[in-house]
Novice: 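Sharing a structure, written as structure tokens. Questions coming.
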Amino acid sequence: MSEQNVLNEITEPTSLSELETMRHSCAHVMAHAISRLWPEAKFGIGPTVEDGFYYDVDLPVKLVPEDLKKIEKEMNRIIGSGQEFVRREHTIEEALGKFKAMNQPFKVEIIETLRDQFGATSVSTYSEGEFTDLCRGPHVERASKIKAFKLMSLAGAYWRGSEKNPMLQRIYGTAFSTQEALDEHLNLLEEAKRRDHRKLGKELDLFAFHPEAPASPFFHPKGTIVYNRLVQYVRDMYAYYGYDEVITPQIFDTVLWKTSGHYENYKDDMFFVAKGKDADAQDREFAVKPMNCPASTYIFSAHKRSYRDLPLRLADFGRLHRNELSGVTAGLTRVRTFCQDDAHVYCTMDQIESEIGKIMDMVVKSYTLFDFKVDELELFLSTRPEKRIGSDEVWDRAEGALKNILDNLGRPYGLDEGGGAFYGPKIDIKVKDALRRKWQLATVQLDFNLPERFDCSYVGSDNIAHRPVVIHKAVLGSLERFLGVFIEHCAGAFPFWLAPVQCRLIPITEAHIPFCEEMGKRLKELGIRFEMDSRNEKMGLKTREAQMAKIPLMLVAGDREMSEGAFAVRNYGAKDSQTLKIDEILAQMKEWNDKPRAPFRD
RNA sequence: GCUGAUGUAGCUCAGGGGUAGAGUACUCCCUUGGUAAGGGAGAGGUCGUGGGUUCAAAUCCCAUCAUCAGCUCCA
């Protein structure tokens with residue numbers, strides 16, 4: 001949480017839901033319990049978060065997981081005693097005196113900040129019995145209203161989110177209005193562990209990591225099939241929407257990055273490579289690309305462009321490298337090498353709205369295909385960050401244009417103040433997965449700076465040179481990240497069209513192998529990815545292994561099937577199978593396999 | 001990068017100052033079996049890496065690398 005957010009947490013008028021109110025009170029009860037167990041405890045802040053609450057505390061002891069039980073016990077005592085939450089108003093001076101006397105330096109600091117930066121003249125406190133905390137509320141009337149809670153985990157967190165400050169111990173907890181709701185939440189967390197894409201990636205042999213290439217995935221054959229299938233899907237989409245794919249270099253003279261502004265903004269996160277070999281290139285410094293956009297301007301400017309060429313949509317699956325801090329990488333969701341379904345649309349001011357409309361269309365069609373709930377998409381307008389290039393007028397125009405589009409879209413959207421890219425504002429789109437977790441995938445960015453910096457122009461119908469606008473788009477976002485998120489969304493059970501192995505043929509005995517091999521030929525003709533399990537093993541084992549590999553279809557053949565020209569078909573996850581004629585099976589497979597192309601036929 | 005935890009066989013993990021363990025996967029043999037584990041035998045590890053302490057280190061200490069959780073960051 002940024003410092004600004006921390007302060008908002010303290011100063012802004014609150015409108016917490018009933019559940020949030022209870023969680024917030026629960027955080028207070030936790031602080032109360034901690035102060036009983038460790039009277040020297042110094043408290044930071046204790047807000048509610050997405051799934052619960054936390055409190056940051058400075059303690060003389062290092063907490064261990066068993067301490068959570070101890071704190072819970074003490075909390076239960078407090079809740080059992082049914083203490084009331086009593087609100088009091090204090091002048092700043094009163095409050096400062098009070099918290100100084102209580103030896104609560106962080107609270108004193110908060111009060112001073114409220115006074116000095118926000119001009120507060122009074123603050124409020126809440127007391128439950130002997131424990132008093134600085135807080136604007138609201139709270140439940142009494143502690144006994146807290147129904148079902150659990151302390152979840154321990155973590156370190158810097159005071160006010162700055163690594164220059166001391167690190168406090170953060171205790172995370174959650175609370176629900178019923179025990180059932182709490183249990184359901186805990187079950188979701190368990191399920192999330194089972195679906196962890198890092199675990200499934202290993203189990204399904206999709207990808208792996210190696211210490212010599214930290215945070216950089218090795219895609220094994222099966223993972224590569226899925227990856228390439230995603231790319232193919234995006235290419236099919238490009239054919240429909242009129243995008244041209246290009247391939248651009250991997251390494252550039254840093255002059256390019258100085259022109260684009262990446263050098264000054266992201267130098268520390270770029271990989272630099274050896275200097276040039278030629279005498280006259282000795283002083284040239286080269287860097288691996290962290291982004292595709294500057295390269296696309298050279299393709300735009302390769303010709304004298306006319307307004308008739310616009311919109312020019314250049315797609316680039318270029319591999320990007322970013323030297324991320326070691327602590328921020330995680331599985332496929334944050335890596336040092338990745339590629340995006342990246343494209344840059346060069347267009348006129350008048351074309352911005354229809355182009356972004358088309359991109360939104362791609363987003364909706366894609367997320368529908370991947371079985372994300374489209375009516376649960378969350379849109380955000382991310383505006384100018386502190387670290388940025390370009391004049392305020394340019395930013396005003398770009399933000400205004402995106403705001404217009406969002407207003408006309410007729411969907412609610414949030415504002416992410418300061419969340420834009422350094423070269424332009426964006427529309428970020430978050431999806432909810434099957435476990436109701438939110439992920440940011442798609443992004444649409446409006447850029448008036450790049451064409452300026454690289455002096456892109458086109459000739460208008462007035463025969464005068466004009467500056468085009470660039471729209472950056474990614475629908476799936478980073479393919480690595482998308483794959484990670486989607487693996488967890490589908491629990492590793494890929495839809496038929498995307499599965500690395502779509503079908504496993506299982507002859508019951510040796511005698512049925514030729515029959516299965518015949519079917520194999522038909523599948524190959526159809527382009528179906530299949531395997532045959534002709535091992536000398538029993539059906540129980542073969543079934544188990546096919547199910548554990550999450551293969552969408554099992555086709556089993558024994559004497560019965562051979563005599564009927566059929567297979568016993570079992571879908572992944574189904575309890576039993578049904579016997580279908582070979583032609584029926586092939587027709588069904590063809591339909592499923594073509595599913596991703598269906599939305600792009602007129 | 002910061003704080004903390006973890007690192008033992010391909011995988012999942014146990015153990016622990018005195019010659020390295022299980023399950024599973026793998027190889028071979030037996031089994032011709034109808035929808036979630038048939039039986040047997042065998043092979044497989046400098047206990048992440050580098051130092052130190054010790055008669056002796058996989059075990060203790062230090063450093064380092066990687067991973068995980070959280071913080072900060074995410075063009």
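Protein chains get the first letters and strands the later ones, always in sequence-line order, with residue 1 at the start of each.
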Novice: I want to confirm an ordering. Mapping A/A155 and A/M270 to their closest nucleotides on RNA chain B, which one lands closer to the 5' end?
Specialist: A/A155
Novice: Test: salt bridge (charged side-chain N to carboxylate O under 4.0 Å, His left out). Region: residues 188-199 of chain A. Which pairs qualify, not counting sequence neighbours?
Specialist: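 Every pair satisfying salt bridge (charged side-chain N to carboxylate O under 4.0 Å, His left out) with a residue in residues 188-199 of chain A: A/E190-A/K193, A/E191-A/R194, A/E191-A/R195, A/D196-A/R198, A/K199-A/E203.
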Novice: With under 30° as parallel and over 60° as perpendicular, where do the rings of A/Y346 and A/F300 fit, or are they tilted in between?
Specialist: parallel
Novice: Could you run down the sub-3.5 Å N/O contacts of the protein with nucleotides 38-43 of chain B?
Specialist:
none

Novice: NA contact type, A/A215, heavy-atom cut-off 4.0 Å: base, sugar-phosphate, or nothing?
Specialist: sugar-phosphate
Novice: Under 4.0 angstrom, heavy atoms only, what part of the nucleic acid is A/K426 near: base, sugar-phosphate, or nothing?
Specialist: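 Sugar-phosphate contact only.
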Novice: Does the pair A/R313/A/E355 count as a salt bridge with the N-to-O cut at 4.0 Å?
Specialist: yes
Novice: Looking at A/K473 and A/D342, is any side-chain nitrogen of the basic one under 4.0 Å from a carboxylate oxygen of the acidic one?
Specialist: no
Novice: Any salt bridge (charged side-chain N to carboxylate O under 4.0 Å, His left out) pairs touching residues 381-390 of chain A, not counting sequence neighbours?
Specialist: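 Sorted result for residues 381-390 of chain A: A/R384-A/D392, A/R384-A/D396, A/R384-A/E399, A/R388-A/D392.
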Novice: Hey, what do you get for CG (A/L381) to CG (A/L446), rounding to the nearest 0.5 Å?
Specialist: 10.5 Å
Novice: Base, sugar-phosphate alone, or nothing: which one does A/E561 contact when heavy atoms must sit under 4.0 Å apart?
Specialist: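 Base contact.
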Novice: Strictly by modelled atom types, are A/W159 and A/E109 linked by a side-chain donor-acceptor pair under 3.5 Å?
Specialist: yes
Novice: For B/rA66, take OP1 and OP2 only and decide whether either is under 4.0 Å from a side-chain N or O of A/R198.
Specialist: no
Novice: Could you go through A/K438 and A/D433, starting from their C-alpha distance and side-chain angles, then the distance that decides it, and tell me whether this counts as salt bridge (Lys or Arg N to Asp or Glu O under 4.0 Å)?
Specialist: CA-CA 7 Å; A/K438 290 178 197 169; A/D433 72 9; over 6 Å; no
Novice: Which part of the nucleic acid, if any, lies within reach of A/P214 when heavy atoms closer than 4.0 Å are counted: base, sugar-phosphate only, or nothing?
Specialist: sugar-phosphate
Novice: How many Å lie between OH on A/Y572 and P on B/rA36, as a whole number?
Specialist: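 So the two atoms are 13 Å apart, to the nearest Å.
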Novice: Going by ring centres under 5.5 Å and near-parallel planes (under 30°), is A/Y266 stacked on B/rA75?
Specialist: yes
Novice: Between B/rG34, B/rC71, B/rU67, which one does the side chain of A/Y158 approach most closely?
Specialist: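 Among B/rG34, B/rC71, B/rU67, the one nearest the side chain of A/Y158 is B/rC71.
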Novice: I'd like the C1' distance from B/rC11 over to B/rG18, given in whole Å.
Specialist: 31 Å
Novice: A/Y423 side chain: which of B/rG34, B/rG1, B/rA75 is closest?
Specialist: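 The answer is B/rA75.
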Novice: Once you round it to whole Å, what is the distance between C1' of B/rG48 and CD of A/E212?
Specialist: 10 Å
Novice: Name all stems that contain residues of RNA chain B, defined as runs of 3 or more consecutive Watson-Crick or G-U wobble pairs, both distances under 3.5 Å.
Specialist: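 Consecutive-pair runs (3 or more) involving RNA chain B: B:1-7 with B:65-71, B:10-13 with B:21-24, B:26-30 with B:38-42, B:48-52 with B:60-64.
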Novice: Within the structure shown, what part of the strands sits under 4.0 Å from A/D559 by heavy-atom distance: base, sugar-phosphate, or nothing?
Specialist: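 Contact class for A/D559: base.
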Novice: Heavy atoms, side chains only, cut-off 4.5 Å: are A/R481 and A/R334 in contact?
Specialist: no
Novice: Taking atom C1' of B/rC71 as reference, at what distance in whole Å does atom CZ of A/R160 sit?
Specialist: 16 Å
Novice: What about A/R334, does its side chain sit under 3.5 Å from the base of B/rC73 through a donor-acceptor pair?
Specialist: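 Per atom types, the contact qualifies.
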Novice: Round to the nearest Å and state the distance from A/K387 atom NZ to B/rU72 atom C1'.
Specialist: 13 Å
Novice: Decide salt bridge (Lys or Arg N to Asp or Glu O under 4.0 Å) for A/E531 and A/K222; before the verdict, give the C-alpha distance in whole Å, the side-chain angles of both, and the deciding distance to 0.1 Å.
Specialist: CA-CA 12 Å; A/E531 290 175 346; A/K222 288 190 170 104; 3.8 Å; yes
Novice: Pick the P atom in B/rG10 and in B/rU6, then give their distance to the nearest Å.
Specialist: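 Rounded to whole Å, the distance is 23 Å.
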Novice: For A/F486 and A/H197, what are the C-alpha separation, side-chain angles and deciding distance, and is it a side-chain contact (heavy atoms from CB on, under 4.5 Å)?
Specialist: CA-CA 9 Å; A/F486 186 67; A/H197 74 276; over 6 Å; no
Novice: Tell me: CG of A/L200 to C1' of B/rC11, nearest whole Å?
Specialist: 14 Å
Novice: Please report the distance separating the P of B/rG40 from the corresponding atom of B/rU24, rounded so that it comes out in whole Å.
Specialist: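 B/rG40 and B/rU24 have their P atoms separated by 10 Å.
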Novice: I want to verify a distance call: between B/rU35, B/rA69, B/rU32, whose nearest atom is closest to the A/T509 side chain?
Specialist: B/rU32
Novice: Distance check needed: B/rC74 P versus A/D269 CG, whole Å only.
Specialist: 9 Å
Novice: Select base, sugar-phosphate, or nothing to describe what A/F209 touches, counting heavy atoms under 4.0 Å on all strands.
Specialist: nothing
Novice: Whole angstroms only, please: what is the CG-P distance between A/D533 and B/rA25?
Specialist: 13 Å
Novice: Quantified in whole Å, what is the C1' atom distance between nucleotide B/rU12 and nucleotide B/rC26?
Specialist: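 Straight-line distance between the two C1' atoms is 16 Å.
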Novice: Counting heavy atoms from C-beta on, name the nucleotide in B/rU67, B/rG34, B/rG1 closest to the side chain of A/S326.
Specialist: B/rG1
Novice: Taking atom C1' in both B/rA56 and B/rA43, what distance in whole Å separates the two?
Specialist: 30 Å
Novice: Please list each protein N or O that sits under 3.5 Å from an N or O in nucleotides 4-10 of chain B, with the distance.
Specialist:
none

Novice: Decide yes or no on side-chain hydrogen bond (donor to acceptor under 3.5 Å, both in side chains) for A/S260 and A/Y423, but give the supporting numbers first.
Specialist: CA-CA 9 Å; A/S260 69; A/Y423 46 73; over 6 Å; no
Novice: How many Å lie between CZ on A/R535 and P on B/rU35, as a whole number?
Specialist: 17 Å
Novice: Side chain of A/P290 only, please: which of B/rA36, B/rA75, B/rC71 is the nearest?
Specialist: B/rA75
Novice: Using heavy atoms to find the nearest nucleotide of RNA chain B for A/P211 and A/R322 separately, return the residue whose nucleotide is more 5′.
Specialist: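 Nearest-nucleotide comparison on RNA chain B picks A/P211.
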Novice: B/rA75, B/rC11, B/rG70: which one has an atom nearest the side-chain heavy atoms of A/K202?
Specialist: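 For A/K202, the side-chain atoms sit closest to B/rC11.
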Novice: For the side chain of A/R544, starting at C-beta, report the closest nucleotide among B/rU35, B/rA37, B/rU32.
Specialist: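 My answer, after comparing the listed nucleotides, is B/rA37.
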Novice: Of the options B/rC73, B/rA75, B/rA36, whose atoms approach the side-chain atoms of A/R570 most closely?
Specialist: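 My answer, after comparing the listed nucleotides, is B/rA36.
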Novice: Answer with base, sugar-phosphate or nothing: what part of the nucleic acid does A/T329 contact at a heavy-atom distance below 4.0 Å?
Specialist: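 Sugar-phosphate contact only - A/T329 comes under 4.0 Å of backbone atoms but never of a base.
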Novice: Tell me the salt bridge (charged side-chain N to carboxylate O under 4.0 Å, His left out) pairs involving residues 439-448 of chain A, sequence neighbours left out?
Specialist: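 Checked against salt bridge (charged side-chain N to carboxylate O under 4.0 Å, His left out) - neighbours excluded - no pair reaches residues 439-448 of chain A.
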Novice: Can you find a heavy atom in the side chain of A/H321 that is under 4.5 Å from one in the side chain of A/Q250?
Specialist: yes
Novice: Pick the P atom in B/rA5 and in B/rA22, then give their distance to the nearest Å.
Specialist: 31 Å
Novice: What heavy-atom pair brings A/K258 and A/E285 nearest, and what distance separates the two atoms?
Specialist: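 Smallest interatomic distance, heavy atoms only, reads NZ-OE1, 4.4 Å.
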Novice: Can you figure out which of B/rG70, B/rU35, B/rA75 approaches the side chain of A/T543 most closely?
Specialist: B/rU35
Novice: Just checking A/G331: base, sugar-phosphate only, or nothing, at a heavy-atom cut-off of under 4.0 Å?
Specialist: sugar-phosphate
